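Quick notes on the structure that follows.
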Protein chains: 2
Amino acid sequence: MKVNGKDYRTVWFPEDDTRAVAIIDQRKLPFAFDILLLRSVDDACAAIQDMAVRGAGCIGATAAHGMYLAALEACESRDYHAALVRLGEKLKATRPTAVNLQWAVDRVVKATRNGRMPTEKVSIARAEAATIADEDAAWCRRIGEHGLPLIEAISRKKNGAPFNILTHCNAGWLAFTDWGSATAPIYAAHRAGIPVHVWVDETRPRNQGARLTAWELANEGVPHTVIVDNAGGHLMQHGMVDLVITGTDRTTYTGDVANKIGTYLKALAAKDNGIPFYVALPSSTFDWEIRDGVREIPIEERGGEEVRVVEGLAEAEVRAVDIANPGSPVANYAFDVTPARLVTGLITERGICAASEEGIAVLFPRETR
Amino acid sequence: MKVNGKDYRTVWFPEDDTRAVAIIDQRKLPFAFDILLLRSVDDACAAIQDMAVRGAGCIGATAAHGMYLAALEACESRDYHAALVRLGEKLKATRPTAVNLQWAVDRVVKATRNGRMPTEKVSIARAEAATIADEDAAWCRRIGEHGLPLIEAISRKKNGAPFNILTHCNAGWLAFTDWGSATAPIYAAHRAGIPVHVWVDETRPRNQGARLTAWELANEGVPHTVIVDNAGGHLMQHGMVDLVITGTDRTTYTGDVANKIGTYLKALAAKDNGIPFYVALPSSTFDWEIRDGVREIPIEERGGEEVRVVEGLAEAEVRAVDIANPGSPVANYAFDVTPARLVTGLITERGICAASEEGIAVLFPRETR
């Protein structure tokens with residue numbers, strides 16, 4: 001998607017440097033747009049661990065690209081395959097709970113088995129990493145294509161009035177390689193000429209909405225307004241929201257949706273006001289094992305510093321301030337689970353389905369048991 | 001209530017200076033505890049206008065104390081009464097929508113009519129201001145007394161396990177002269193030996209929870225934890241909240257509750273999880289004219305800077321940082337309305353009643369039409 005008018009992905013092979021991987025350093029956004037060049041597996045590990053990249057799809061694609069660097073480094077070892085696997089394990093260990101990370105590393109390792117000479121394996125690793133990134137982008141683009149008719153249908157009743165979409169957190173292209181999940185239908189609608197306007201929840205504690213989603217939308221020229229997470233209910237009560245779309249970190253095969261903390265509150269407000277609440281996801285985000293999301297999905301409790309310390313610009317520098325009463329304890333639950341009964345539908349790369357075991361099975365008959 | 005172990009009110013007449021009014025400068029809390037001495041009506045106006053004091057009860061009591069300063073200043077005019085009224089109008093103009101402000105000023109002016117000589121009128125003004133502050137404290141203390149049995153009843157079922165109360169914003173003693181509204185039952189329960197623990201919503205955009213409520217509770221030794229506004233739904237889903245209590249800025253005679261933005265979302269979550277949701281208020285907060293709160297109560301839209309700019313401590317100094325994508329528009333709706341159907345009950349100085357026209361009429365038969 002666009003940054004200052006030029007098209008970017010979150011991770012790519014730079015044309016002028018065949019031994020490097022390029023990423024957007026998301027830690028500095030929106031205050032600075034910096035591109036980082038990764039020249040070793042250690043660089044790739046640091047980028048993932050220190051959250052220069054974040055979001056399931058983006059982490060997976062970065063790990064795959066890191067495996068190209070691993071394929072290069074393995075050439076210096078006597079046992080090429082053992083070295084490649086060892087470097088892959090290093091990448092996998094950076095964020096142990098990220099499913100896409102494991103999957104992407106394993107996929108590149110497996111692909112290299114088809115090559116005989118190390119040089120051939122290096123080429124295969126590079127091609128496989130590019131394919132993984134392309135697939136991620138294609139899935140998101142298709143989510144946008146499936147979401148577009150939904151927006152068109154609701155928009156038609158508005159006779160050209162602005163179409164207000166509320167979103168929470170960043171399920172944008174920065175979290176994937178391109179397009180994003182929740183944002184893909186928004187970008188598709190904007191490009192189709194529908195007068196979309198997005199209410200962007202700031203998304204405490206890490207402010208991914210105010211920082212990343214707002215930055216994305218501004219660069220694509222999509223009208224938007226940043227609001228505090230508290231505001232959505234009021235907007236919905238007053239007819240100022242036509243549709244809610246969020247992403248998800250994990251969705252059960254029964255349709256329960258784990259996503260950034262606070263998503264559940266927006267789903268309740270949407271239900272109370274008769275507003276459609278959709279969740280957009282590539283099918284890789286489904287958990288085919290878990291039935292009851294609220295009871296069974298473990299919710300990460302992160303450090304209280306994320307709540308206590310807020311980062312922003314002051315006098316053109318990025319600074320952090322401690323906003324809470326000094327000495328008061330702080331808790332930081334990172335996700336919550338929205339029960340399927342509050343979810344109007346799921347927008348996947350295969351189409352839209354009901355958030356229920358039956359609905360999901362229609363689109364994914366082989367995956368559901 | 002206690003500050004560093006010593007009892008304070010938000011506004012008082014200092015014993016050693018008969019021509020001054022003392023207030024706690026709430027703008028600096030919790031980062032600094034400063035007492036401001038007001039020596040003129042202009043000082044009092046500035047304190048209210050610049051939000052050194054805030055909260056309906058506290059603003060009313062400060063205005064009443066300011067009228068004592070006005071009574072002193074009026075002694076220098078030929079027409080005492082005209083001067084007093086003129087100074088009162090100046091105070092009233094500081095925050096034109098605050099009902100308590102008008103009411104407190106008028107009450108002091110009216111009381112001074114019973115005095116003949118200016119010196120007598122000055123004494124009357126001082127006594128009336130003290131009475132207004134005392135009444136505010138007494139109402140809040142009674143709210144605590146009526147709320148205590150409610151907490152005791154639910155707590156009994158918990159067999160000594162911590163009793164978790166969630167609150168939003170600051171309806172604490174800082175918003176009144178003492179005790180607070182939502183916090184009064186909490187302080188009463190804590191003093192009665194019930195093992196209360198309070199989840200304190202940080203309350204974006206102005207962070208009154210993380211700053212003021214957390215500071216109050218810490219000073220009273222009440223166990224508490226600061227959370228982001230997004231977290232409450234998750235806590236309620238997992239049995240970690242036994243009771244929600246908030247304050248209100250205006251409550252209709254039908255039981256609809258206007259309060260800080262985000263209150264409605266917590267009420268929805270409480271309803272969805274079968275958790276009692278109570279609103280504490282002195283009866284002065286009822287609006288006896290409005291039937292439909294969601295449709296008829298005007299919601300103040302404040303400047304976007306409150307959302308965009310966050311204040312906190314950095315290197316022992318209070319600093320502000322700009323947290324959002326530069327250039328992205330920001331909206332700031334200050335309040336929302338929770339429909340009566342989501343409110344379990346109202347805790348008033350006269351007792352607890354249902355949040356309905358009938359319920360309120362039982363306690364306030366003369367006020368309801």
Side-chain angles (χ1 to χ4, degrees), chain A residues 30-31 199-200 202-205 207 210-212 214-215 217-218 223-235 237-238 260-266 268-269 272 294 299 304 307-314 319-333 335-337, chain B residues 29-31 199-200 202-205 207 210-212 214-215 217-218 224-235 237-238 260-266 268-269 272 294 299 304 307-314 319-333 335-337:
Chain A
F31 308 122
W199 295 110
V200 180
E202 68 174 357
T203 318
R204 290 280 294 142
N207 297 349
R211 294 182 65 153
L212 303 180
W215 178 84
L217 294 170
H224 64 285
T225 305
V226 176
I227 49 173
V228 294
D229 302 308
N230 284 325
H234 170 71
L235 296 175
Q237 282 180 317
H238 291 272
K260 187 63 53 191
I261 192 82
T263 303
Y264 166 53
L265 295 172
K266 294 300 140 61
L268 284 168
D272 199 45
V294 175
I299 298 299
V307 173
R308 183 182 285 289
V309 180
V310 174
E311 199 179 71
L313 268 191
R319 293 202 177 142
V321 294
D322 187 329
I323 62 159
N325 179 50
S328 285
V330 167
N332 182 14
Y333 299 90
F335 305 98
D336 65 19
V337 176
Chain B
L29 289 176
F31 308 122
W199 295 110
V200 180
E202 67 174 358
T203 319
R204 289 281 294 141
N207 297 348
R211 294 182 64 155
L212 304 180
W215 178 84
L217 294 170
H224 64 285
T225 306
V226 175
I227 50 173
V228 293
D229 302 308
N230 284 325
H234 170 72
L235 296 175
Q237 282 180 318
H238 291 272
K260 188 62 55 191
I261 191 83
T263 303
Y264 166 53
L265 295 172
K266 295 299 140 63
L268 284 168
D272 199 46
V294 175
I299 298 299
V307 173
R308 182 181 286 289
V309 180
V310 175
E311 199 181 68
L313 267 191
R319 292 200 178 145
V321 294
D322 187 329
I323 62 159
N325 179 50
S328 284
V330 167
N332 182 15
Y333 299 91
F335 305 99
D336 64 20
V337 176

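Chain identifiers are assigned alphabetically (A, B, ...) following the order of the sequence lines, protein sequences preceding nucleic acid strands; residue numbering begins at 1 within each chain. Every value quoted in this text rests on a predicted model; they were computed, and no experiment measured them. Quick note: numbers below take in every heavy atom, side chains included, and nothing from hydrogens, waters or symmetry partners.
Separating the CZ atom in A/R204 from the CZ atom in B/R204 is a distance of 6.5 Å, to the nearest 0.5 Å.
Neither the backbone nor the side chain of B/N332 has a heavy atom closer than 4.5 Å to any heavy atom of chain A. In this structure, no portion of B/L212 lies under 4.5 Å from any heavy atom of chain A. No part of A/L217 comes within reach of chain B, as not one of its non-hydrogen atoms sits under 4.5 angstrom from that chain.
Options A/L235, A/N207, A/V330, A/V321 differ in how many heavy-atom pairs under 4.5 Å they form with chain B, and the most are formed by A/V321. Contact tally against chain A (heavy-atom pairs below 4.5 Å) for B/W215, B/Y264, B/W199, B/F31: the top residue is B/Y264. Chosen from B/R211, B/Q237, B/E311, B/R319, the residue pairing most often with chain A at heavy-atom distances under 4.5 Å is B/Q237. The greatest number of non-hydrogen atom pairs below 4.5 Å with chain A, out of B/G233, B/G327, B/A320, is found for B/G233. Between chain A and the options B/V309, B/V337, B/V200, B/T263, heavy-atom pairs under 4.5 Å are most frequent for B/V337. Interface remark: of the candidates A/G312, A/G304, A/P205, A/G312 forms the most heavy-atom pairs closer than 4.5 Å to chain B.
The two residues B/S328 and A/H224 have their closest heavy-atom pair at OG-NE2, 2.7 Å. Scanning all heavy atoms of the two residues, the minimum distance from B/P326 to A/L313 falls at CG-CD1, 4.4 Å. In plain terms, the two heavy atoms of A/A331 and B/T225 that are nearest each other are N-CG2, 3.4 Å. Closest of all the heavy-atom pairs between B/L265 and A/A269 is CD2-CB, 3.7 Å. A/V310 and B/I323 get closest at one heavy-atom pair: CG1-CG2, 3.4 Å. The nearest pair of heavy atoms linking B/N230 to A/D336 is O-OD2, 4.3 Å.
Paired with B/V228 under the rule side chain to side chain contact (heavy atoms under 4.5 Å, CB included), one option of A/V307, A/T203, A/D229 passes, and it is A/V307.
The aromatic rings of A/H234 and B/Y333 sit tilted relative to each other, their planes meeting at an angle between 30° and 60°.
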